[in-house]
A.B. asks: 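I am attaching a structure below and will ask some questions about it afterwards.
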Amino acid sequence: MAKDCSFDVVSEFDKQELVNAVDQVKREVSSRFDLKDSNSDVNLDGDKTVTITTKDETKLRNIYDILQSKLVKRNLSIRILDAQPVENALGGNVRQVYKLKKGLTPELAKKISADIKDMKIKVQPSIQGDSVRVSGKDKDELQKVIQMLRQNEDKYDYPLQFTNYR
């Protein structure tokens, strides 16, 4: 009569919320006094990158702070942003590209799986593409795994979500 329970560990974000956050950043940049005439631009390229182009690095940091605050207000983790080096753009401007993290990398999936096995409880992690499925007979043990992963989220440097809990 014992039935296995399971959940998936994934790293995703809501694309529409990201689009809305970037739109809010564009509106704020165009209306804010210190950024109004700086030829600043924020672009979202599908679900791959966010690009900020502006006059100097100070304005770049200001726009990045605005972007972070808009992401947090829309319940998106700022860990989805993977900052690339600042580069020079046309017209004396600077540009910074932020790659968007979506899905667990194979290395991270292995690391999460190994950490779950190191807990020495009766659950079985299995890597399935860009997610990790954790299954076991006791729901309390699955809750312990979720709690451990939430506490170690800084170590993984990826936003983790837990889906398909059954």
Side-chain angles (χ1 to χ4, degrees), residues 1-28 41-53 60-61 63-87 95-166:
M1 200 73 191
K3 182 176 174 266
D4 272 0
C5 303
S6 67
F7 69 91
D8 294 337
V9 181
V10 297
S11 179
E12 299 173 344
F13 56 87
D14 186 350
K15 185 172 186 311
Q16 187 58 49
E17 289 294 336
L18 181 66
V19 168
N20 293 342
V22 170
D23 285 344
Q24 284 182 333
V25 171
K26 287 179 182 179
R27 267 196 302 273
E28 186 164 335
D41 192 28
V42 181
N43 285 323
L44 176 64
D45 179 28
D47 57 354
K48 302 274 190 264
T49 61
V50 174
T51 307
I52 300 174
T53 308
L60 186 70
R61 281 193 300 277
I63 295 170
Y64 178 64
D65 289 342
I66 296 168
L67 177 63
Q68 285 182 322
S69 70
K70 300 301 180 189
L71 290 176
V72 169
K73 284 181 184 173
R74 296 197 156 270
N75 293 326
L76 293 170
S77 173
I78 57 174
R79 288 192 180 116
I80 65 172
L81 299 175
D82 182 18
Q84 303 302 305
V86 177
E87 52 194 41
R95 174 187 319 130
Q96 186 159 22
V97 176
Y98 297 92
K99 290 185 178 175
L100 298 172
K101 297 178 185 175
K102 189 168 188 169
L104 299 177
T105 63
E107 299 83 28
L108 181 61
K110 288 177 188 171
K111 188 175 182 181
I112 289 173
S113 184
D115 286 351
I116 292 170
K117 287 178 183 175
D118 289 344
M119 290 179 71
K120 306 277 192 239
I121 59 176
K122 294 182 180 180
V123 296
Q124 296 81 38
S126 62
I127 299 171
Q128 299 183 338
D130 60 354
S131 67
V132 176
R133 172 153 297 160
V134 182
S135 57
K137 297 204 182 297
D138 188 8
K139 286 187 177 185
D140 291 337
E141 299 207 337
L142 294 178
Q143 290 290 337
K144 288 178 187 173
V145 171
I146 291 174
Q147 186 177 17
M148 182 275 301
L149 291 173
R150 282 201 175 123
Q151 288 171 350
N152 292 335
E153 198 168 6
D154 290 339
K155 180 172 95 172
Y156 303 128
D157 196 36
Y158 258 75
L160 299 178
Q161 292 88 32
F162 309 102
T163 60
N164 296 334
Y165 188 84
R166 35 176 158 237

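Treat the numbers as computed from the prediction; the structure is a model and nothing was measured.
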A.B. asks: Sequence neighbours excluded, which residues qualify as side chain to side chain contact (heavy atoms under 4.5 Å, CB included) partners of Val19?
C.D. replies: Lys15, Gln16, Asp23, Leu44
A.B. asks: My understanding is that only residues two or more places apart in sequence, or in another chain, count here; which of them pass salt bridge (charged side-chain N to carboxylate O under 4.0 Å, His left out) with Arg74?
C.D. replies: Glu17
A.B. asks: Any chance you could measure Ser131, atom OG, to Leu160, atom CG, to the nearest 0.5 Å?
C.D. replies: 11.5 Å
A.B. asks: Testing the 3.5 Å rule here: is there a donor-acceptor pair between the side chains of Asp41 and Asn43?
C.D. replies: yes
A.B. asks: Under 4.5 Å between any side-chain heavy atoms of Leu67 and Leu81, yes or no?
C.D. replies: yes
A.B. asks: Could you pull out the closest heavy-atom pair between Gly136 and Leu142, with the gap in Å?
C.D. replies: N-CD2, 4.1 Å
A.B. asks: Not counting sequence neighbours, which residues clear side chain to side chain contact (heavy atoms under 4.5 Å, CB included) with Gln96? List them please.
C.D. replies: Leu60, Ala83, Val86, Tyr98
A.B. asks: Which residues pass the side chain to side chain contact (heavy atoms under 4.5 Å, CB included) test with Lys99, sequence neighbours left out?
C.D. replies: Thr49, Asp82, Gln84
A.B. asks: Name the atoms and distances for all side-chain donor-acceptor pairs under 3.5 Å in residues 104-118, with sequence neighbours left out.
C.D. replies:
{"from": "Thr105", "atom 1": "OG1", "to": "Leu108", "atom 2": "N", "distance (Å)": "3.2"}
{"from": "Asp115", "atom 1": "OD2", "to": "Lys155", "atom 2": "NZ", "distance (Å)": "2.9"}
{"from": "Asp115", "atom 1": "OD2", "to": "Tyr156", "atom 2": "OH", "distance (Å)": "2.6"}

A.B. asks: How about Asp65 and Gln68: do any of their side-chain heavy atoms sit closer than 4.5 Å?
C.D. replies: yes
A.B. asks: Within this structure, what is the CE-NZ distance for the pair Met119 and Lys144, rounded to the nearest 0.5 Å?
C.D. replies: 7.5 Å
A.B. asks: Supply the atom-to-atom distance Glu28 CD to Lys70 NZ, rounded to the nearest 0.5 angstrom.
C.D. replies: 4.5 Å
A.B. asks: Once side chain to side chain contact (heavy atoms under 4.5 Å, CB included) is applied, do any residues pair with Asn164, and if so which ones, sequence neighbours excluded?
C.D. replies: Asp8, Arg133, Arg166
A.B. asks: Check Lys137, Lys139, Lys122 against Asp4 for a salt bridge (Lys or Arg N to Asp or Glu O under 4.0 Å) and give me the one that passes.
C.D. replies: Lys137
A.B. asks: Hey, are the side chains of Phe7 and Gln143 touching, using non-hydrogen atoms and a 4.5 Å cut-off?
C.D. replies: no
A.B. asks: Would you check if Leu18 and Asp47 make a side-chain contact, meaning some heavy-atom pair closer than 4.5 Å?
C.D. replies: no
A.B. asks: Please answer whether the main-chain N or O of Asp157 pairs with a side-chain N or O of Lys101 as donor and acceptor at a distance below 3.5 Å.
C.D. replies: yes
A.B. asks: Would you confirm whether Ser11, through its side chain, and Pro159, through its main-chain N or O, come within 3.5 Å as a donor-acceptor pair?
C.D. replies: yes
A.B. asks: Where do Glu12 and Gln161 come nearest, in terms of heavy atoms and distance?
C.D. replies: N-OE1, 2.7 Å
A.B. asks: Answer yes or no: is there a side-chain heavy-atom contact under 4.5 Å between Phe162 and Val9?
C.D. replies: yes
